[in-house]
Structures are given as structure tokens and as C-alpha cells.
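Here's the structure, in C-alpha cells; my notes come after.
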Protein chains: 2
Amino acid sequence: MPKSASLHALPAAALSDDKAIELADMFRLLGDPSRLRIVIETLGGPQSVGDIAANLGLSPSLVSHHLRLLRAARLLSPERRGKQIFYRLHDAHIAHVIADMVAHVQEPEHEAAHEEDAAP
Amino acid sequence: MPKSASLHALPAAALSDDKAIELADMFRLLGDPSRLRIVIETLGGPQSVGDIAANLGLSPSLVSHHLRLLRAARLLSPERRGKQIFYRLHDAHIAHVIADMVAHVQEPEHEAAHEEDAAP
DNA sequence: CTTACATATGAACACCTATTCATATGTAAG
DNA sequence: CTTACATATGAATAGGTGTTCATATGTAAG
């Protein structure tokens, strides 16, 4: 394993394949706009399925399908309250990660792009 | 008035659809194990296509295909050095976000932290 | 020039996935 | 009981995507 020496304060780039797959799995779930919006909705507190659907303009069926995946991945957890079921972020760890990403995206643009593909 | 933030200054859950799609796009790219490993490889510094391929056990062709996507999304940027082309994270912003996620996954164990927020 | 190496590109294929529709399950109220 | 509401589930489908193979482009050296 001819690995390049770690540079500076950055974590040493190496990540076990298992962890990589685990991370990729989480990224993949958040990689769908509908699912990402659902997760973001829960950042403000537990939300019922119906509220999420109405708020995002999605069908309750579709929201439920996505919630099943987010539930299986332990990103969200359900809590029954009467007829409704409220979903919340599974733990503070997930909440922090998501909030961090949202915060980063909401920041003003950092630098301009270089130059890229040229098409003759 | 924004909803009450529980732990830190959580952003008020709302995110414009454009930003949501932009974020989801980035997540989707990182949602593939091969692509995620490629990005993580560049955390330690610029890496040539061949080195990445050899290091990850992927074909140079596949790596190049993935690099094209990461390049188009401005996550990585190429730099020619002789015959080889080195790829590095496009900016410190991206680097920080990725490193943050990796650090979170590498933490020993994450356990659920319950907290009551909003109760109608 | 030719040769060898490094990367990129296009096509084809198999696989996966997001969405919709119809239907089922569960729950509170009349 | 029945009715109405909230959520879940299964099937079917259209579109997307990762991978491989073959080939092209670019670059340094002999």
C-alpha cells in the first residue's frame, strides 16, 4: 500500500471499505431531492407523514416509500401519536451532519471555478 | 419566527428547492462507493488517475468516467503534470465538508441522543 | 518519424430506482 | 358494529446509472 503521506490537518484520507460503503449508502439516500427535502423538513422537529407530504407537495404514498428507506437506514425514526406518525432524525449525530451540509450550501459562494471542458 | 433550534444553531430547516437540488446532486455523486473512494483518495493531496485506479483496484477507464462527473460537478479539478493528470479537491469548502463526513463516520460509536423539541 | 504510456471517450448492457396507482393495514370516533 | 382518516405496502413502469470493452486523443522519449 504505497500511500502518500498525510499532508496537514486533514484526516488521513484512508477509510476502510466498509466505512466507505456505509458512508456512500447514506450519501445515496440523501442524493434524491425528495428524500433530502424530507430529511431537511425533520431538522425543525418531528413531522407527520401528512404534513411532510403537504409541505413538500408530494403524495403521501411517495413520502411513505421514502420514509421506509430512511427508516431502514436509521436516519429517521418513527413515533406514533394517535392516528398520525411523526418522524424525527434518528440521533444528534445525523442531525449535526445534515445541518452542517445545509449550512455549507447556504453560505455565499466561495471561489470562482477554474476553467473546464472545452467543446469544439 | 423560526422554529426552536434544539442543540446548536440549527438552520431553520427551510432550504430553497434550488439549494436542495444542488445539495442532492452533490450527495448523489458521493453516493457511489467507487466515486466516494476516489474523492476520499484526493483528501491526502492531488492524485494521478493511474494511482487512484491502482490504489482502489479499479480500471483506469472507470476511474476516468467517474472523474468526468466529479469534474463536471466542480468537486475535483484536474492539473496536468507531464503525461499524468492529477486531480484534487476543487476548493477548501468541499474538502471541509467531505473531511467532516469522514470524521463523523470514523468516530467509534454513535448512539441515539433523545431530545424533546416541539410537541403540539 | 515511431513507439510506449496515460487518460479520455463512446457505445452497449445489465442493473437499479423513483414514481404512480391500487389496495391493505391500523386507528380514532359516531 | 361502521365510517373516516392516516399511513403502509405491493406491483408495474419509465428513466437513470455504473460498469466493461473497444477506441481515440494526447504526451514524452528513442
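Note that these values count all heavy atoms, side chains included, but never hydrogens, waters or copies made by symmetry. Quick caveat, the model's predicted, so the values are computed rather than measured. Labels below follow one simple rule: chain letters A, B, ... track the order of the sequence lines, proteins then strands, and each chain is numbered from 1.
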A/Arg88 (side chain) donor-acceptor with A/Phe86 (main chain) under 3.5 angstrom:
no
Sugar-phosphate, base or nothing in reach of B/Ser61, heavy atoms under 4.0 Å:
base
Between its two end axes (five pairs each) the helix from C/dC1-D/dG30 to C/dG30-D/dC1 turns, nearest 10 degrees, through 20°
Taking the nucleotide of DNA chain C with the nearest heavy atom to each, does A/Lys83 or A/Asp32 sit closer to the 5' end?
A/Asp32
Do the side chain of A/Thr42 and the main chain of A/Gly45 share a donor and acceptor less than 3.5 angstrom apart?
no
Applying a 4.0 Å non-hydrogen cut-off, can you work out what B/Phe86 is touching in the nucleic acid: base, sugar-phosphate, or nothing?
nothing
Between B/Pro78 and B/Ile85, what is the shortest heavy-atom contact and its length?
CB-CG2, 3.8 Å
Just call it for B/Arg81: base, sugar-phosphate, or nothing, with non-hydrogen atoms closer than 4.0 Å on any strand.
nothing
Please report, rounded to the nearest Å, how far the P atom of D/dG18 is from the CD1 atom of A/Ile21.
15 Å
How close do A/Pro33 and B/Ile21 get, counting heavy atoms only, and between which atoms?
CB-CG1, 4.5 Å
Pairwise side-chain contact, A/Met101 with B/Phe27, heavy-atom cut-off 4.5 Å (strictly under):
yes
Tell me, please, the opening and closing nucleotides of DNA chain C, 5' to 3', among those with an atom under 4.0 angstrom from a non-hydrogen atom of chain A.
C/dT17 to C/dA28
Side chains of A/Leu89 and A/Val39 in contact at under 4.5 Å (non-hydrogen atoms)
yes
Could you tell me the separation between the CG atom of B/Leu62 and the C1' atom of D/dT17, rounded to a whole number of Å?
12 Å
As a quick check of understanding, evaluate side chain to side chain contact (heavy atoms under 4.5 Å, CB included) for A/Ser34 and A/Leu56, giving each step before the final call.
CA-CA 8 Å; A/Ser34 301; A/Leu56 274 52; over 6 Å; no
Whether A/Arg35 side chain and A/Leu29 backbone form a donor-acceptor pair below 3.5 Å
yes
Assign B/His66 to base, sugar-phosphate, or nothing according to its heavy-atom contacts below 4.0 angstrom with the strands shown.
sugar-phosphate
